[in-house]
Amino acid sequence: MSIEIEVLNGDQSWPLAEGLFEQVWPPAELKKLGWGHVKWADADLRVLIETDDGALACHTGIYFRTVTWNGQKVHIGGIGGVATHPDHRRRGYASIAIQAAVQTMRDHDAAQFALLFCEPHNFEFYQSRGWQPFTGAVYAEQPDGRIRFEVMAPFVADLKRRAPSQGTLDLCGLPW
């Protein structure tokens, strides 16, 4: 078995990822999810994993943003939109994609730590890969204004510095 891993421009590669998102989160099912109404940021970069037959197996979005943590500006990286095609789950593709995304963020000169949001059923998955819960308050923008973002749990990982586990984190934009 061979796979192809690519890290591509987010906007340009969206057409490649869009179909996978619709398979993982069909529009009718998306409306039923507690986060289905959220307006999400577009990825700056995308990790795409294709199988040897050319099928898109997995996607992970990469985000770069200057945020504030306890009122101080800090540049961070983020992971979002982790999606694995139902026919390709439990083969390690998400782990590979996340690892590629984290390495890409580490290679980015300015990203100090990483942030992602996840549902409770994924807590163990991310914690086993070195991500830790952020127990402070997170704020984000939505079409109606700034909100405390609580629809998914925040997790952080070290990049250039130790990631904070508490405090107030303002995304200064849409969540990812």
Between Asp44 and Arg65, is the closest basic N to carboxylate O distance under 4.0 Å?
no

All heavy atoms of Ala55 vs all of His88, minimum pair found to be CB-NE2, 4.3 Å

Can you tell me how far apart NE2 (His85) and CZ (Arg89) are? Round to the nearest 0.5 Å.
9.0 Å

Hey, is the main chain of Gly81 close enough, under 3.5 Å, to the side chain of His59 for a donor-acceptor pair?
yes

For Gly77 and Ala111, which heavy atoms make the closest approach, and how far apart are they?
N-CB, 3.8 Å

Checking Gln112 side chain against Ala110 main chain: does a donor-acceptor pair fall under 3.5 Å?
yes

Kindly indicate whether the side chain of Gln12, heavy atoms from C-beta on, has any atom under 4.5 Å from the side chain of Arg46.
no

Under 6.0 Å between the ring centres of Trp14 and Phe21?
yes

Side chain to side chain contact (heavy atoms under 4.5 Å, CB included) evaluation trace for His75 with Phe64
CA-CA 7 Å; His75 193 69; Phe64 294 106; 3.8 Å; yes

Look only at the side chain of Thr60 and the backbone of Gly80, and say whether a donor-acceptor pair between them is shorter than 3.5 Å.
no

Non-hydrogen side-chain atoms of His37 and Val151 separated by less than 4.5 Å
yes

Is there a continuous path of hydrophobic side-chain contacts, each under 4.5 Å between heavy atoms, that joins Tyr63 to Val102?
no

Between the main-chain N or O of Arg106 and the side-chain N or O of Lys160, is there a donor-acceptor pair closer than 3.5 Å?
yes

Does the Asn70 side chain pair with the main chain of Gly167, one donor and one acceptor, at a distance under 3.5 Å?
no

Row check, Phe125 ring normal vs Arg129 NZ/CZ: under 6.0 Å, within 45°:
yes

Can you spot which of Ile147, Asp170, Val67, Leu171 makes a side-chain contact (heavy atoms from CB on, under 4.5 Å) with Val138?
Leu171

State plainly whether one hydrophobic cluster holds both Val82 and Leu20, where clusters connect Ile, Leu, Val, Met, Phe, Trp and Tyr through side-chain heavy atoms under 4.5 angstrom apart.
no

When Phe149 is tested against each of Tyr139, Trp35, Phe117, Phe134 for ring-ring contact (aromatic ring centres under 6.0 Å, His included), which residue passes?
Phe117

Any non-hydrogen side-chain atom of Leu169 less than 4.5 Å from a side-chain atom of Leu115?
yes

I'd like to check Val38 versus Pro175 (side-chain heavy atoms, cut-off strictly below 4.5 Å). Are they in contact?
yes

Lys39 NZ to Gln142 CD distance, which is reported to the nearest 0.5 Å:
9.0 Å

Kindly indicate whether the side chain of Ile5, heavy atoms from C-beta on, has any atom under 4.5 Å from the side chain of Leu48.
no

Distance flag, aromatic centroids of Phe155 and Trp131, threshold under 6.0 Å
no

Output for pair (Lys73 NZ, Thr66 OG1), nearest 0.5 Å, gives 7.5 Å

Are any non-hydrogen side-chain atoms of Ile49 and Leu56 less than 4.5 angstrom apart?
no

Could you tell me whether the side chain of Trp69 and the main chain of Gln166 form a donor-acceptor pair under 3.5 Å?
yes

Under a 4.5 Å cut-off applied to non-hydrogen side-chain atoms, are Leu33 and Trp25 in contact?
yes

Exercise: identify the closest heavy-atom pair between Thr84 and Val24
O-CG2, 3.4 Å

Does Arg90 have more than 12 heavy atoms from other residues, nucleotides or ligands lying within 6.0 Å of its CZ?
no

For Gln132, does the CD atom sit with more than 12 other heavy atoms under 6.0 Å from it, leaving out its own atoms?
yes

Would Leu8 and Leu45 count as a side chain to side chain contact (heavy atoms under 4.5 Å, CB included) here? Give the steps.
CA-CA 5 Å; Leu8 302 172; Leu45 300 171; over 6 Å; no

Where do Val47 and Ala100 come nearest, in terms of heavy atoms and distance?
CG1-CB, 4.0 Å

Side chain of Glu4, backbone of Gly54: donor and acceptor closer than 3.5 Å?
no

Decide yes or no on side chain to side chain contact (heavy atoms under 4.5 Å, CB included) for Cys118 and Met152, but give the supporting numbers first.
CA-CA 5 Å; Cys118 73; Met152 286 187 164; 5.7 Å; no

Which heavy atom of Thr51 sits nearest to which heavy atom of Ala57, and what is that distance?
CG2-CB, 3.8 Å

Given side chain to side chain contact (heavy atoms under 4.5 Å, CB included), test Ile98 with Tyr126 step by step and report yes or no.
CA-CA 9 Å; Ile98 291 165; Tyr126 286 108; 3.5 Å; yes

Hey, does Ile96 have a side-chain heavy atom less than 4.5 Å from the side chain of Cys58?
no

Taking all non-hydrogen atoms of both residues, which atom of Trp176 and which atom of Leu116 are closest, and how far apart?
NE1-CA, 4.4 Å

